[in-house]
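A short write-up of the structure that comes next.
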Amino acid sequence: MTKTHTKRVLAALTASLLSLSLLAACGGQDSAADASTQPDAGQAQIEQTDQTDQTSKSTVTTVGEFTTQDLDGNTVTQEIFKEHKLTLVNAMGTWCSPCVQELPELQKLYENMKDKGVGVISIVTDTLGADNKPDQATVEAAKKMVEKSGATYPFLVPDAGWLNGRLAHMETFPESFFVDENGNIVGEPSFGSHDLAEWTSIVENALANLDQGA
């Protein structure tokens with residue numbers, strides 16, 4: 001086998017592996033044309049996250065204080081995290097197929113883990129317009145999406161500060177992370193979609209680490 005042929009084979013294998021890895025996630029930049037807004041839109045959000053930009057969203061340690069609403073227009077604040085010992089926050093978009101396909105798995109996770117003090121919240125990132133107000137057309141589309149999935153846990157519109165900047169400049173959807181009952185962001189984030197078995201393992205590890213103070 002010549003060196004040239006070897007290089008071609010390696011390139012083809014690399015491309016195939018990359019394609020498989022993308023099946024479970026959507027790229028934020030590639031999806032920008034399909035979404036009405038992305039998590040870095042809106043002057044209020046830009047002002048809120050200037051400091052975050054200088055460091056990294058991974059250094060944001062708390063969701064802070066915020067006021068937003070769920071898809072039915074009910075007011076939601078940071079107090080929602082006090083309802084559970086640990087909450088899985090799932091950032092997703094209506095345009096992201098892996099995000100939508102994952103919802104029944106997250107519902108099963110919620111049903112199985114709520115008695116252990118674990119909650120699930122999905123934040124539908126494209127429901128907030130460029131004017132930092134809910135985009136009603138996308139909200140209605142999101143409501144139909146949720147109804148079809150059978151999910152019963154909360155689905156929220158992002159607040160103007162994008163959870164203290166934690167949701168800013170996301171490049172992969174879905175992206176999920178954990179918040180404790182005091183609003184602290186804990187553990188490691190999870191990228192891409194997962195099935196119930198994978199989510200169960202991830203959450204159980206997060207619970208164990210929380211109990212150990214890790």
Will you find, in the side chains of [X] and [Y], an N or O donor that is under 3.5 Å from an N or O acceptor?
X      : Y      : result
Thr152 : Gln107 : yes
Tyr153 : Ser122 : yes
Glu140 : Gln136 : no
Ser176 : Asn90  : yes

Should we count CD of Glu188 as having more than 12 external heavy atoms under 6.0 Å?
no
Neighbour count >12 (heavy atoms, 6.0 Å) for atom CD, Glu79
yes
Please check this pair: side chain of [X] against backbone of [Y], looking for a donor-acceptor N/O pair closer than 3.5 Å.
X      : Y      : answer
Asn184 : Val186 : no
Ser149 : Leu103 : no
Thr94  : Ala142 : no
Thr68  : Val76  : no
Asp70  : Leu156 : no
Asp180 : Asn182 : yes

Can you give me the closest heavy-atom contact between [X] and [Y], atom names plus distance?
X     : Y      : answer
Gly93 : Val100 : O-CG2, 4.2 Å
Ala91 : Thr125 : CB-CG2, 4.4 Å
Gln69 : Pro134 : NE2-CG, 3.6 Å

Should Arg166 and Glu175 be marked as a side chain to side chain contact (heavy atoms under 4.5 Å, CB included) after you check the CA-CA gap, both sets of side-chain angles, and the distance that decides it?
CA-CA 11 Å; Arg166 178 56 183 81; Glu175 179 180 333; 2.9 Å; yes
From [X] [atom1] over to [Y] [atom2], what is the distance, rounded to the nearest 0.5 angstrom?
X      : Y      : atom1 : atom2 : result
Met145 : Thr138 : CE    : OG1   : 10.5 Å
Thr172 : Met170 : OG1   : CE    : 7.5 Å
Phe173 : Trp95  : CZ    : CH2   : 4.5 Å
Leu210 : Glu181 : CG    : CD    : 8.0 Å

So, are [X] and [Y] salt-bridged, with charged N and O less than 4.0 Å apart?
X      : Y      : answer
Asp211 : Lys85  : yes
Glu105 : Lys108 : yes
Lys114 : Glu83  : no

Decide side chain to side chain donor-acceptor pair (under 3.5 Å) for Asp135 and Thr127; before the verdict, give the C-alpha distance in whole Å, the side-chain angles of both, and the deciding distance to 0.1 Å.
CA-CA 5 Å; Asp135 180 83; Thr127 55; over 6 Å; no
Does the side chain to side chain contact (heavy atoms under 4.5 Å, CB included) test come out yes or no for Leu106 and Leu88, once each step is laid out?
CA-CA 9 Å; Leu106 289 174; Leu88 172 67; 3.8 Å; yes
Are Leu196 and Thr200 close enough, and set up right, to give a side chain to side chain contact (heavy atoms under 4.5 Å, CB included), and what steps lead you there?
CA-CA 6 Å; Leu196 177 60; Thr200 300; 3.8 Å; yes
Check whether any side-chain heavy atom of Glu204 lies under 4.5 Å from a side-chain heavy atom of Lys116, and answer yes or no.
yes
Given Leu207 and Val118, is the side chain to side chain contact (heavy atoms under 4.5 Å, CB included) satisfied, shown in steps?
CA-CA 8 Å; Leu207 269 177; Val118 177; 3.6 Å; yes
